Asks: 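Before I ask anything, let me first share the structure, which is written out below as structure tokens.
Since this is a predicted model, take the numbers as computed values, not measurements.
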Amino acid sequence: QVQLVESGGGLVQTGDSLQLSCEGSGRTFSISAVGWFRQAPSKEREFVAGIGWSAGGTYYADSVKGRFTISRDNAKNTVYLQMKSLKPEDTAVYYCAAGERGSYYLNSYDYWGRGTQVTVSS
């Protein structure tokens with residue numbers, strides 16, 4: 001079992017930066033792939049960024065490439081999502097998820113956090 005808790009969300013202005021954290025517990029977290037997803041009101045949950053267990057492989061949705069950076073510190077059981085140049089369209093609840101194999105798809109992940117709200121005002 002893996003438990004995930006997101007933190008770091010908040011209300012920011014366009015162009016601001018924000019860092020989200022996903023703290024995992026459970027013996028397999030450090031060897032799990034982790035992904036960040038987001039869901040805006042009335043929209044489907046979408047992939048944002050992913051990272052392999054060794055942190056050697058990262059991948060991003062086109063909409064955030066160059067602005068967001070995913071990283072992990074396995075010693076702290078934490079995955080981060082650094083977000084820069086935020087836009088109103090980045091407003092959503094952000095979720096982290098963990099699974100044996102990461103991908104762009106929701107069903108690749110077995111464990112999910114409850115999410116943290118990010119609101120970007122114009």
Asks: Looking at Arg101 and Ser32, would you say the former's side chain and the latter's main chain have a donor-acceptor pair under 3.5 Å?
Replies: no

Asks: As an exercise, state the distance from CG of Leu81 to CZ of Arg72, rounded to the nearest 0.5 Å.
Replies: 13.5 Å

Asks: Return the orientation label for the Tyr59 and Phe47 ring planes: parallel under 30°, perpendicular over 60°, tilted otherwise.
Replies: parallel

Asks: Going by the ring-ring contact (aromatic ring centres under 6.0 Å, His included) test, name the single residue among Trp112, Tyr94, Tyr105 that passes it with Phe37.
Replies: Trp112

Asks: Can you find a pair of side-chain heavy atoms, one from Val79 and one from Trp36, that are under 4.5 Å apart?
Replies: yes

Asks: Taking Leu106's backbone N and O only, do any of them form a donor-acceptor pair with Ser108's side chain (distance below 3.5 Å, no angle check)?
Replies: no

Asks: Could you tell me whether Arg114 and Glu6 have a side-chain N and a carboxylate O separated by less than 4.0 Å?
Replies: no

Asks: Could you check whether any side-chain N or O of Thr91 sits under 3.5 Å from a backbone N or O of Val120, counting only pairs where one atom can act as donor and the other as acceptor?
Replies: yes

Asks: Any heavy-atom pair between the side chains of Ser63 and Arg38 that's under 4.5 Å?
Replies: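 Yes - at least one pair of side-chain heavy atoms lies under 4.5 Å apart.
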
Asks: Leu86 and Leu18: side-chain contact (heavy atoms from CB on, under 4.5 Å), yes or no, with the steps?
Replies: CA-CA 8 Å; Leu86 283 162; Leu18 202 60; 3.9 Å; yes

Asks: With a 4.5 Å cut-off on side-chain heavy atoms, are Thr116 and Ser7 touching?
Replies: no

Asks: To the nearest 0.5 angstrom, please state how far the CE atom of Met83 sits from the CZ atom of Phe68.
Replies: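 So the CE of Met83 and the CZ of Phe68 are separated by 5.0 Å.
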
Asks: Hey, quick one: are Tyr95 and Tyr109 part of the same hydrophobic cluster, counting side-chain heavy atoms closer than 4.5 Å, chains of contacts allowed?
Replies: yes

Asks: Report the C-alpha separation of Thr69 and Tyr80 in whole Å, then their side-chain angles, then the decisive distance to 0.1 Å, and conclude whether the side-chain contact (heavy atoms from CB on, under 4.5 Å) test is met.
Replies: CA-CA 8 Å; Thr69 303; Tyr80 304 97; over 6 Å; no

Asks: Test of understanding: clusters of I, L, V, M, F, W, Y form through side-chain heavy atoms closer than 4.5 Å, transitively. Do Val64 and Ile51 belong to the same one?
Replies: yes

Asks: Step through the shown structure and confirm whether more than 12 heavy atoms of other residues, nucleotides or ligands are within 6.0 Å of CD on Gln13.
Replies: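 No, not enclosed.
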
Asks: Could you check Glu46, Arg45, Glu44 and say which one makes a side-chain hydrogen bond (donor to acceptor under 3.5 Å, both in side chains) with Gln39?
Replies: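 Looking at Glu46, Arg45, Glu44, the match for Gln39 under the side-chain hydrogen bond (donor to acceptor under 3.5 Å, both in side chains) is Arg45.
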
Asks: Counting only heavy atoms not in Glu23, do more than 12 fall under 6.0 Å of its CD?
Replies: no

Asks: Looking at Asp90 and Arg67, does any basic side-chain N land under 4.0 Å from a carboxylate oxygen?
Replies: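 Yes, charged N to carboxylate O under 4.0 Å.
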
Asks: Answer whether the closest heavy-atom distance between the side chains of Trp53 and Glu100 falls below 4.5 Å.
Replies: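 They are not in side-chain contact.
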
Asks: Should we say atom CD of Glu89 is surrounded by more than 12 heavy atoms from elsewhere, each under 6.0 Å from it?
Replies: yes

Asks: Given side chains that start at C-beta, do those of Asp16 and Thr14 come closer than 4.5 Å, heavy atoms only?
Replies: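 Result no, sub-4.5 Å side-chain heavy-atom pair not found.
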
Asks: Can you tell me how far apart OG (Ser21) and CD (Gln82) are? Round to the nearest 0.5 Å.
Replies: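 Reported value, rounded in 0.5 Å steps: 9.5 Å.
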
Asks: Are Ser25 and Asn77 close enough that some pair of their side-chain heavy atoms sits under 4.5 Å apart?
Replies: no

Asks: Give me the atom names and distance for the closest heavy-atom approach of Pro88 to Ser122.
Replies: CG-CB, 3.9 Å

Asks: With respect to Ile70, which candidate in Leu20, Val48, Thr58 satisfies the side chain to side chain contact (heavy atoms under 4.5 Å, CB included) definition?
Replies: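 Going through the options one by one, the only one that passes is Thr58.
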
